[in-house]
Each structure stands twice: as structure tokens, then as C-alpha cells.
Amino acid sequence: MNVRRTRIATAAASTLVAALALTGLSSTGATAAPAKAKASKRLTCVGDNTKVTVSKVSRPVNHLLVKITNTGTRNCDAYYAPTVSFDNDTWHAKIIKDSMPQAVVTLAPGESGYASLGLSGDGTGHHRHKASHATLSFSAIGGGSTHTVPDELELPAGTVVDDGAYVSYWQYTAADALIW
């Protein structure tokens with residue numbers, strides 16, 4: 001019987017020591033030194049660490065392709081969809097909610113991400129006009145605040161938009177972006 005009690009006591013003591021180690025306490029009650037955590041603060045893709053271009057595509061019609069390339073030295077995350085407005089318009093392109101990818105688009109240095117920009121909606125848009133420039137803003141992790149690209153983006157010659165314009169979420173490939 002004494003052997004059994006000794007084994008139970010030993011198992012209980014081992015469990016207690018393991019539990020104390022997990023909580024940062026030693027068996028004497030003193031706090032153990034915390035393990036150093038890696039600094040892995042997420043970096044948001046913004047105008048300062050990316051190059052942004054807008055180009056015309058042959059298909060689908062009435063679309064442009066927005067491309068961001070990580071020019072920084074660390075990975076950056078492209079959250080949600082870009083906010084896009086044209087020339088001096090007071091409205092923004094609508095975001096296509098169904099284009100949300102399964103995960104945030106994370107770009108290593110030199111990698112690119114894409115969003116499609118539909119220039120007119122379902123034909124019910126108003127204020128149709130030629131646009132020569134766009135202003136693009138990046139979404140922050142919470143989706144609230146945005147970071148504007150420092151310069152206006154020059155649009156391809158002959159770009160015509162209306163207030164039915166829309167934009168997709170950021171995608172890893174141009175093909176995925178242009179589905180929308």
C-alpha cells in the first residue's frame with residue numbers, strides 16, 4: 001500500500017510542478033522569468049511600403065486591374081478592399097462583398113496583390129464621365145481607418161466611369177481579382 005501512495009504522491013507532485021510551470025510560478029511561489037515572445041506585429045500594406053499601378057485589361061470589358069507590389073523588407077497584409085474614388089467625385093466605388101477571400105492577402109517583399117475595378121455597374125449608374133485619375137486608400141486591420149496612396153493614380157486614357165463603379169477585395173492573383 002505504501003508503494004501505491006508513493007506513486008500517487010509522485011504523480012500529483014509532477015502534475016503540480018507542470019501546472020506551476022504553465023502559470024509562471026515555481027514550487028516556492030516565486031514568479032519565473034517570462035519567456036521572450038517574438039515581436040510579430042502585423043504590418044499593413046500602405047502607400048509607403050507598396051507600389052500601386054492601375055492597368056487596362058481586355059476582359060472583362062469595362063474593368064481595370066489594380067496591382068500592389070510590396071516594396072518593403074517585411075511581409076505586409078492587404079486588408080479588405082481598396083477604397084477608390086475618381087478625379088473630384090465625392091462617391092467611392094462600391095465594394096463587392098462576395099469577393100472576400102478566405103484569408104487576408106499577405107505579400108512577401110516583391111510579391112503583388114490584385115483587385116478588379118469595374119467602371120460601371122448594372123447600367124443604372126449616373127454621372128457617367130471620363131476620369132483621368134483615381135485616389136486609392138488602403139484599409140487598416142479593423143477596417144476603419146484608411147491609408148491613402150501619396151499620389152493620385154493615373155488611369156488609362158479614355159477611362160469612363162459612373163457611380164455604379166465597384167471594386168473587389170484584394171486577391172493573390174489577377175485571375176482571381178478579374179472574376180469580379
#### Entry: Distance-minimising heavy-atom pair for Ala81 and Ile95
CB-CG2, 3.7 Å
### Query
Around Lys94, counting heavy atoms of other residues, nucleotides and ligands shown, do more than 12 lie under 6.0 Å from its NZ?
yes
### Query
By side-chain contact (heavy atoms from CB on, under 4.5 Å), which residues pair with Ala165, not counting sequence neighbours?
Phe86, Trp91, Ala93
### Task
Please indicate whether Glu154 has more than 12 foreign heavy atoms, meaning atoms of other residues, nucleotides or ligands, lying under 6.0 Å from its CD.
no
### Query
Any link between Ile141 and Leu107 through a network of hydrophobic side chains (Ile, Leu, Val, Met, Phe, Trp, Tyr) touching at under 4.5 Å?
yes
### Query
Are Val46 and Leu43 co-members of a hydrophobic cluster defined by side-chain heavy atoms under 4.5 Å apart?
no
### Under 3.5 Å: donor-acceptor pair, side chain of Thr50, backbone of Cys45
no
### Within one Ile-Leu-Val-Met-Phe-Trp-Tyr cluster: Leu153 and Val84, side-chain cutoff 4.5 Å
yes
### Query
Would you say Tyr114 and Val105 are hydrophobically clustered, going by side-chain heavy atoms of ILVMFWY under 4.5 Å?
no
### Test ring pair (Phe, Tyr, Trp, His ring centres under 6.0 Å) applied to Tyr169 - qualifying residues, sequence neighbours left out
none
#### Entry: Non-hydrogen atoms of Leu155 and Ala134 that approach each other most closely
CD2-CB, 3.9 Å
### Query
Taking all atoms of both residues into account, what is the closest heavy-atom pair of Leu119 and Val160, and its distance?
CB-O, 3.4 Å
### Query
Which residue pairs satisfy the ring-ring contact (aromatic ring centres under 6.0 Å, His included) criterion with at least one member in residues 41-75, sequence neighbours excluded?
His63-Tyr166
### Task
Is it possible for you to say whether Ile68 and Val57 belong to one hydrophobic cluster, with membership spreading through side-chain heavy-atom contacts below 4.5 Å?
no
### Task
List for me each residue that meets side-chain contact (heavy atoms from CB on, under 4.5 Å) alongside His92, sequence neighbours excluded, and say none if there are none.
Thr83, Ser85
### Query
Do any N or O atoms from the side chain of Asp87 and from the backbone of His133 form a donor-acceptor pair under 3.5 angstrom?
yes
### Query
Looking only at heavy atoms, what is the nearest atom pair of Trp170 and Val66, with distance?
CH2-CG1, 3.8 Å
### Query
Got a sec, which residues hit side-chain hydrogen bond (donor to acceptor under 3.5 Å, both in side chains) with Asp89, two or more places apart in sequence or on another chain?
His129
### Query
Who passes salt bridge (charged side-chain N to carboxylate O under 4.0 Å, His left out) against Asp176, sequence neighbours left out?
none
